[in-house]
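These notes concern the structure reproduced below.
Predicted, not measured: the structure shown is a model, and the values here were computed from it. These numbers come from the heavy atoms of this one structure, side chains and all, not from hydrogens, waters or symmetry mates. Letters A, B, ... are given to chains in the order of the sequence lines, protein chains preceding strands, and every chain is numbered from 1.
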Amino acid sequence: AREKFISTFQEIQKNFSEVFKTFFEGGRASLVLREEEDPLEAEIDIFATPGGKKLSSLPLMSGGEKSLTAVSLLFAIYLVKPSPFCIFDEVDAPLDDVNVERFSRALQEYSQNTQFIVVTHNKLTMRAANQLYGVTMEEKGVSRVVSVKFDKAMEYANEGQIPAG
Amino acid sequence: AREKFISTFQEIQKNFSEVFKTFFEGGRASLVLREEEDPLEAEIDIFATPGGKKLSSLPLMSGGEKSLTAVSLLFAIYLVKPSPFCIFDEVDAPLDDVNVERFSRALQEYSQNTQFIVVTHNKLTMRAANQLYGVTMEEKGVSRVVSVKFDKAMEYANEGQIPAG
Amino acid sequence: MKLAELNIVGFKSFAKKTNLLLHDGMTVIVGPNGCGKSNIVDAIRWVMGEQKSNVLRSEKMDNVIFAGSASAKPVGMAEVSLKIENTRNLLPVDYAEVVITRRLFRSGESQYLINGNQCRLKDIMDLFMDTGMAISSYSVIELPQVEQLLNGKPEERRKIFEEAA
Amino acid sequence: MKLAELNIVGFKSFAKKTNLLLHDGMTVIVGPNGCGKSNIVDAIRWVMGEQKSNVLRSEKMDNVIFAGSASAKPVGMAEVSLKIENTRNLLPVDYAEVVITRRLFRSGESQYLINGNQCRLKDIMDLFMDTGMAISSYSVIELPQVEQLLNGKPEERRKIFEEAA
Ligand SMILES: Nc1ncnc2c1ncn2[C@@H]1O[C@H](COP(=O)(O)OP(=O)(O)OP(=O)(O)O)[C@@H](O)[C@H]1O
Ligand SMILES: Nc1ncnc2c1ncn2[C@@H]1O[C@H](COP(=O)(O)OP(=O)(O)OP(=O)(O)O)[C@@H](O)[C@H]1O
Ligand SMILES: [Mg+2]
Ligand SMILES: [Mg+2]
């Protein structure tokens with residue numbers, strides 16, 4: 001079990017450094033298993049430096065940088081053992097447009113092997129959809145779902161009006 | 001002191017119900033000071049129902065509804081004792097476009113008496129600005145600030161490029 | 001192994017029968033604040049066996065039953081069905097498709113069904129356990145959780161590493 | 001009483017001298033993730049006397065001094081100055097303008113100045129206390145805090161009611 005954990009950990013470690021680079025141009029990051037302890041109990045430390053900056057302490061990172069770093073870690077783990085499906089609920093909220101696009105491009109890439117369900121308010125994320133559903137409450141307090149086309153979805157997400165299409 | 005607190009509380013209570021209505025069409029909300037206790041110690045309960053729904057328990061409310069409800073309360077308190085300045089850091093992140101506009105319209109209204117500093121990624125919030133600053137890191141890891149015009153700011157917030165204007 | 005179809009009726013704000021077809025790749029869900037997007041996410045968790053009421057944002061489990069609104073009466077039962085295609089024969093059953101159903105009545109009585117046959121909650125959870133599709137801490141990702149990964153307790157972080165090993 | 005001008009040098013990512021003019025109404029700050037927007041908010045808190053290092057996202061106070069980057073060497077001091085116009089003669093001084101300055105050196109030594117004259121931190125905090133401009137829990141509003149208002153401890157909620165009374 002100990003070896004299994006260590007070999008999995010090393011694979012995640014490698015993935016994390018690579019995924020982080022796709023999100024942070026010129027950045028680098030690593031995971032470290034604390035040495036003094038039993039690998040089955042040891043804490044895992046995260047070190048991450050966005051591009052061009054000095055070794056950041058995690059707390060000093062910005063809101064968006066922290067989200068992207070955590071997302072890099074989640075993808076790193078996912079790549080070791082892809083789950084059949086994964087749901088993201090407004091995870092893109094703190095990201096600027098460039099990062100939203102990087103994030104949705106990563107999802108598109110992994111979605112070849114995994115079904116992703118992504119809840120969002122962001123127009124760029126919507127564009128990456130294979131299919132798009134709009135949720136509405138035309139009848140007060142009662143939800144219903146409609147399948148939508150992208151440009152209709154744009155008005156729809158904003159106004160909650162069912163597009164006439 | 002007890003009377004001061006109670007009269008202030010009643011004013012906040014009145015403001016809260018009104019502000020909530022401006023954010024939630026057809027909604028209603030109230031603040032209740034628990035009766036069995038000394039007013040100087042009593043807990044304050046929040047009851048809020050977005051338009052057309054049944055009395056919501058706060059936990060069941062959506063992410064955006066909770067943010068708007070809390071913002072309504074903050075404005076309700078602010079109206080009793082306007083502060084000379086107030087800073088909002090990405091408070092509009094969970095809001096959909098209609099709510100972002102309501103929020104920025106409220107800020108514009110109150111900004112007659114108060115200086116507001118608002119950090120945002122949202123284009124609609126940017127439009128409400130009296131002045132707009134873009135922050136950039138052209139030199140790696142070193143921030144600088146430029147004053148920007150709205151349409152330039154749009155590209156700028158997305159790409160971090162200093163607009164040529 | 002893929003999610004094919006979700007059917008919701010009487011669950012949270014979905015008073016009326018709602019059908020969602022799920023395809024390969026990325027399904028994006030949009031709509032205004034409070035319209036029911038996260039409720040769909042909750043429905044998926046719930047039908048797959050989620051038992052923690054705080055994860056479902058309810059103080060008590062029967063809060064998931066549609067409680068009525070300005071335009072619709074409360075109902076007596078919440079039901080969610082999820083059809084899964086056994087595409088790689090990962091499911092330990094001989095069917096090409098498996099439909100899992102969960103019901104909760106106001107009386108507090110629960111029902112669980114696999115392909116229309118009553119079973120126990122444990123049977124549903126075992127079904128998923130074997131396929132690696134179990135609703136783990138990281139099959140649904142939300143923002144607070146993303147931050148927790150960086151700031152939270154080390155044991156939480158270890159847990160998802162161990163789940164991958 | 002209004003904030004007129006902010007000057008930052010050596011504070012967090014603002015290695016070089018940065019000047020921000022603040023006007024009436026709504027000032028909106030935009031830019032990509034990690035470029036320094038929240039650092040500007042931190043600079044305002046810090047110069048007004050914020051002492052809690054976690055509020056400033058630092059594990060220790062000297063983390064606010066620019067630590068260097070790929071393109072700039074670390075510096076030895078962080079300095080923030082805030083010019084305030086005494087527009088309603090609320091400030092207990094005879095000046096039309098007051099400039100407060102805070103410095104921190106790598107040695108750990110701090111300096112505080114009012115209109116260029118050295119004073120104690122307490123003098124700066126007293127200045128604000130009398131004007132109701134003290135950096136209270138609600139002069140800077142961020143998302144986690146907004147949610148805390150609804151979900152958090154009742155004492156936290158009471159505190160802002162009491163501040164208004
Ligand atoms: N049992 C129930 N009966 C009726 N309505 C319910 C029930 N449970 C939750 N709701 C309603 O569902 C709404 C929340 O929906 P949900 O959380 O899915 O919104 P959302 O689309 O995710 O919004 P946001 O974009 O703000 O996150 C709330 O207004 C709540 O009152
Ligand atoms: N003492 C310091 N020296 C150098 N850089 C620092 C220092 N303290 C913080 N930083 C850097 O400042 C950056 C964070 O800036 P800030 O939090 O202002 O970003 P932001 O513009 O608010 O981004 P977001 O939109 O993601 O919230 C981090 O990358 C961090 O490394
Ligand atoms: Mg939601
Ligand atoms: Mg920030």
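For A:Thr8, the part lying near chain C is the side chain, with the backbone staying farther off; criterion is any non-hydrogen pair under 4.5 Å. Residue contact with chain C, scored on non-hydrogen atoms closer than 4.5 Å, involves the side chain of A:Leu73 exclusively. For A:Val80, the part sitting under 4.5 Å from any heavy atom of chain C is the side chain, from C-beta outward, and nothing else. Using a 4.5 Å cut-off between heavy atoms, A:Leu68 makes no contact with chain C at all. Proximity to chain C (any heavy atom under 4.5 Å) is shown, for A:Ser7, by neither the backbone nor the side chain. Both the backbone and the side chain of A:Glu90 come within less than 4.5 Å of a heavy atom in chain C.
A distance below 6.0 Å separates the ring centres of A:Phe88 and A:Phe103. Aromatic rings of C:Phe161 and A:Phe9 (six-membered ring for Trp) have centroids within the 6.0 Å cut-off, being under it.
The candidate from C:Asn151, C:Asn19, C:Leu22 with the greatest count of non-hydrogen atom pairs under 4.5 Å with chain A is C:Leu22. For chain C, the option among A:Gly63, A:Ala128, A:Ala93 with the highest count of heavy-atom pairs below 4.5 Å is A:Ala128. Between chain C and the options A:Asn122, A:Ile117, A:Asp92, the largest number of non-hydrogen pairs under 4.5 Å is found for A:Ile117. Of the residues considered (C:Gly36, C:Ser38, C:Ser69, C:Ala72), C:Ser69 shows the highest number of contacts with chain A, using heavy-atom pairs under 4.5 Å. The candidate from A:Gln108, A:Lys66, A:Gln112 with the greatest count of non-hydrogen atom pairs under 4.5 Å with chain C is A:Lys66. Ranked by heavy-atom pairs under 4.5 Å with chain C, the first of A:Val118, A:Val91, A:Asp45, A:Thr114 is A:Val118.
Residue C:Glu79 forms a side chain to side chain donor-acceptor pair (under 3.5 Å) with just one option from C:Lys17, C:Gln111, C:Arg102, C:Arg103, and that option is C:Arg103.
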Decide side-chain contact (heavy atoms from CB on, under 4.5 Å) for A:Thr49 and A:Phe24; before the verdict, give the C-alpha distance in whole Å, the side-chain angles of both, and the deciding distance to 0.1 Å. CA-CA 9 Å; A:Thr49 309; A:Phe24 291 90; over 6 Å; no

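Between A:Glu65 and A:Lys53 a salt bridge is recorded (basic side-chain N to carboxylate O distance below 4.0 Å).
A:Phe47 does not carry A:Arg28 over the face of its six-membered ring by the limits of under 6.0 Å from the centre and within 45° of the normal.
A distance of 8.5 Å separates CD1 in C:Ile44 from CE in C:Met48, rounded to the nearest 0.5 Å.
Note on ring orientation: taking the six-membered ring where Trp is involved, the planes of A:Tyr78 and A:Phe75 are perpendicular (angle over 60°, cut-offs 30° and 60°).
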